[in-house]
Amino acid sequence: RILIDPLWWWHEHQPMPFWEELQQAVYEDRCIEVTYEHYNGTRVERIIEPYSLVAKASLWYLIGRREGELRTYRISRFHEVRLMDTHFRRYDGFDLPSYWREHVQEFLTNLSEVSFTLRFNSNLIHSNRWSMPGRSEVVQTADQDGWISVRFFVESLDLATMFVFGLGSDVIVVEPPELKTMIIQTAQKILENHRGQTAE
């Protein structure tokens, strides 16, 4: 009835780690013993009661209960998953849509977000919104030359720099000044790396 293909276009096919084990654990209400890597690189061993699998922006997450509390785990950070013979009883009041909405709101509230504003030809707006869906807003409509100003929201200036270079020469950084500086410094470094090299 429904097929979800989480693989990005043009990427080599790599099966999601432990996907079959996680699905089985969720369907059969079986505990799992896992090795999980936190964002800072540390690995921990946990026993989890797996409640649900959720896809968000092409990333998969496991909703599980540990020590009486529901937690969210990114599946790509599992290094080991072992099905246990132990079954668990689901909390009767668990409501997946409500839990996920609260989790997303909490994540967005705590997210360290960087905003930056760019000017570019309005013909590029659709491709830019596709690159960053839901993370931009038009702050100035097209002028007489067809250029518009758009504010974007990302997690860091490094990501903003990568995005700007992806647009090539068809973009001007309006603000913040720190991003302008990073663009200039990175462009100079690229020129230095390629100066004197000839194409074969």
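As a basis for the values below, the full set of heavy atoms in this structure was taken, side chains included, without hydrogen atoms, waters or symmetry mates.
A donor and an acceptor atom, one from each side chain of Thr72 and Tyr99, are located under 3.5 Å apart. Looking at Glu28 and His87, their side chains never bring a donor and an acceptor atom within 3.5 Å of each other.
Atom CE of Met162 sits in a sparse spot, with 12 or fewer heavy atoms from other residues, nucleotides or ligands closer than 6.0 Å.
Within the 4.5 Å cutoff, no side-chain heavy atoms of Ile172 are placed close to those of Phe120. Side-chain atoms of Leu53 and Ile75, non-hydrogen and from C-beta on, do get closer than 4.5 Å to each other. By the 4.5 Å heavy-atom criterion applied to side chains, Phe153 and Glu137 are counted as neighbours.
Using bins of under 30°, 30° to 60° and over 60° for the plane-to-plane angle, the ring pair Phe116/Phe152 lands in the parallel bin.
Looking only at distances, no side-chain donor or acceptor of Thr42 sits under 3.5 Å from a matching main-chain atom of His38. In terms of modelled atom types and a separation under 3.5 Å, the side chain of Tyr36 and the main chain of Arg74 share a donor-acceptor contact. No donor-acceptor pair under 3.5 Å is formed between the side chain of Arg119 and the backbone N or O of Ile148.
To the nearest 0.5 Å, the span separating CG on Leu96 from NE2 on His103 amounts to 11.5 Å. The line from CD of Glu80 to OG1 of Thr35 is 4.0 Å long, rounded to the nearest 0.5 Å.
A salt bridge links Arg90 with Asp29; the closest basic N to acidic carboxylate O contact falls under 4.0 Å.
What you find for Arg66 and Tyr73 is that their closest heavy atoms are NE-OH, 3.6 Å. The shortest non-hydrogen separation linking Val173 to Lys180 is O-CE, 3.0 Å.
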